[in-house]
Amino acid sequence: MAYVKWVFILAFWLFVGAVLHYTLPQWDVVRVTGTYEKRENPGGNSLFWAQADTGSDATAPRDVFFIQSQYPDDSVMVFRNEDTGWSWPPFFKFDTADLQAEATNLVSTADAPVWVAVKHYGWRFTPMSIYPNALKMKEVAGPDERVIPWGSIATLVFLIAVFWAVWVRVKRFFDRRLDPVFDRIGDFFSRG
């Protein structure tokens, strides 16, 4: 029975880790190679797309901006560029058109590269057409530039502090309130 308990505990923490890895923003240094707009109809993978505009059908096709890019090691990445609005994840992104214009302005060639740090959340999973969502971009000095994700670090520290505070209070509650009751019940049955 102990194995079952540990399987559930491990599954829970893997789920929490996956949600945090998907949701917390990351920075990638890339060279923007192109931008385009495409009509998309999120179907089975709609969980990984932003919510449709307020008042519109969530399953209706909609136009989505994309940013094509290339890493310094010549591998490619395609970012989607959608507003998150007021929904999850709570980035309150409302500037999709501005970011697309900025990305179009930063398009460069391999001969004259312009390196850009792209802040994004999400995963790229080609078989299901899942793309990370670009949140912000800024020009950087070169491909070796390292951007420290201070927001993600602060969020993780805050979540760990909240988890620790709740854990301490629950443990203290069990130690002070429930354990004495269980001890008295155990003593009662051991005497009888």
Side-chain angles (χ1 to χ4, degrees), residues 13-40 42 45-51 53 62-164:
W13 286 114
L14 284 174
F15 176 76
V16 168
V19 168
L20 289 174
H21 188 266
Y22 180 85
T23 306
L24 290 176
Q26 305 161 25
W27 288 90
D28 287 353
V29 175
V30 296
R31 181 176 60 83
V32 178
T33 58
T35 61
Y36 66 96
E37 182 178 359
K38 182 179 173 188
R39 177 70 90 180
E40 285 289 335
N45 65 352
S46 62
L47 175 67
F48 298 100
W49 292 80
Q51 300 297 317
D53 294 333
R62 61 183 189 261
D63 291 334
V64 178
F65 291 122
F66 289 92
I67 301 168
Q68 298 167 311
S69 65
Q70 192 167 18
Y71 288 108
D73 67 357
D74 291 332
S75 60
V76 296
M77 174 60 81
V78 178
F79 299 96
R80 68 185 157 92
N81 181 12
E82 286 187 287
D83 286 337
T84 60
W86 298 99
S87 64
W88 187 263
F91 293 115
F92 310 115
K93 179 184 172 199
F94 298 100
D95 63 345
T96 294
D98 295 344
L99 186 63
Q100 193 71 8
E102 192 177 334
T104 302
N105 188 44
L106 291 169
V107 171
S108 65
T109 63
D111 297 331
V114 175
W115 296 102
V116 179
V118 178
K119 182 180 182 180
H120 66 88
Y121 72 91
W123 299 320
R124 175 69 172 122
F125 188 60
T126 309
M128 290 183 62
S129 296
I130 298 172
Y131 303 92
N133 191 8
L135 299 170
K136 185 195 284 189
M137 1 180 53
K138 64 181 181 180
E139 194 171 337
V140 294
D144 298 328
E145 188 83 17
R146 178 125 172 101
V147 182
I148 299 173
W150 291 111
S152 296
I153 293 169
T155 301
L156 283 174
V157 168
F158 174 75
L159 290 174
I160 290 169
V162 167
F163 174 77
W164 177 78

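The OG atom of S69 sits 7.5 Å away from the CE atom of M137 when rounded to the nearest 0.5 Å. In this structure, the separation between OH on Y71 and CE on M77 is 3.5 Å, given to the nearest 0.5 Å. In this structure, the separation between CH2 on W150 and OG1 on T155 is 13.0 Å, given to the nearest 0.5 Å. Taken to the nearest 0.5 Å, the CG atom of L135 stands 7.0 Å off from the OG1 atom of T84.
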Legend entry - From CA spacing to verdict: side-chain contact (heavy atoms from CB on, under 4.5 Å), E145, W27: CA-CA 10 Å; E145 188 83 17; W27 288 90; over 6 Å; no

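Atom CZ of R39 has more than 12 heavy atoms from other residues, nucleotides or ligands within 6.0 Å.
Under a 3.5 Å cut-off, the side chain of T23 and the backbone N or O of V19 do form a donor-acceptor pair. Formation of a donor-acceptor pair under 3.5 Å by the N133 side chain with backbone atoms of E82 is found in this model. The main-chain N or O of A134 is never found under 3.5 Å from a side-chain atom of R80 such that the two would form a donor-acceptor pair. Proximity of a side-chain donor or acceptor of Q26 to a complementary backbone N or O of V118 within less than 3.5 Å is not detected.
Remark: F91 pairs with Y121 by the ring-ring contact (aromatic ring centres under 6.0 Å, His included) rule, at least two apart or across chains. T104 meets the side chain to side chain donor-acceptor pair (under 3.5 Å) test with T35; sequence neighbours excluded. Listed by chain and residue number, W86 satisfy the ring-ring contact (aromatic ring centres under 6.0 Å, His included) test with F92 (two or more places apart in sequence, or in another chain). Every ring-ring contact (aromatic ring centres under 6.0 Å, His included) that W13 has, sequence neighbours left out, goes to F163. When the ring-ring contact (aromatic ring centres under 6.0 Å, His included) test is applied to F125, no partner is found at least two apart in sequence or on another chain.
In plain terms, the two heavy atoms of I67 and A103 that are nearest each other are CD1-CB, 3.8 Å. The minimum heavy-atom distance between P143 and P72, with the atom names listed, is CB-CG, 3.5 Å. Across all their heavy atoms, V147 and A117 have their closest contact at CG2-CB, 3.9 Å. When all heavy atoms are compared, the tightest approach of I153 to I148 is CD1-CG2, 3.8 Å. Between V107 and T33 the shortest heavy-atom distance is CG1-O, 3.8 Å.
Side chains of Q70 and P113 form no contact here, defined as non-hydrogen atoms less than 4.5 Å apart. Between L99 and E102, the closest side-chain pair of non-hydrogen atoms falls below 4.5 Å.
Sequence neighbours left out, the pairs with a member in residues 24-38 that pass salt bridge (Lys or Arg N to Asp or Glu O under 4.0 Å) are K38-E40.
The pair D83-K93 does not meet the salt-bridge criterion, since no charged nitrogen lies less than 4.0 angstrom from a carboxylate oxygen.
Checking each of F79, F66, W123 against Y131 for a ring-ring contact (aromatic ring centres under 6.0 Å, His included) leaves exactly one that passes, namely F66.
Looking only at atom types and distance, the side chain of D73 has a donor-acceptor partner in the side chain of S75 under 3.5 Å away.
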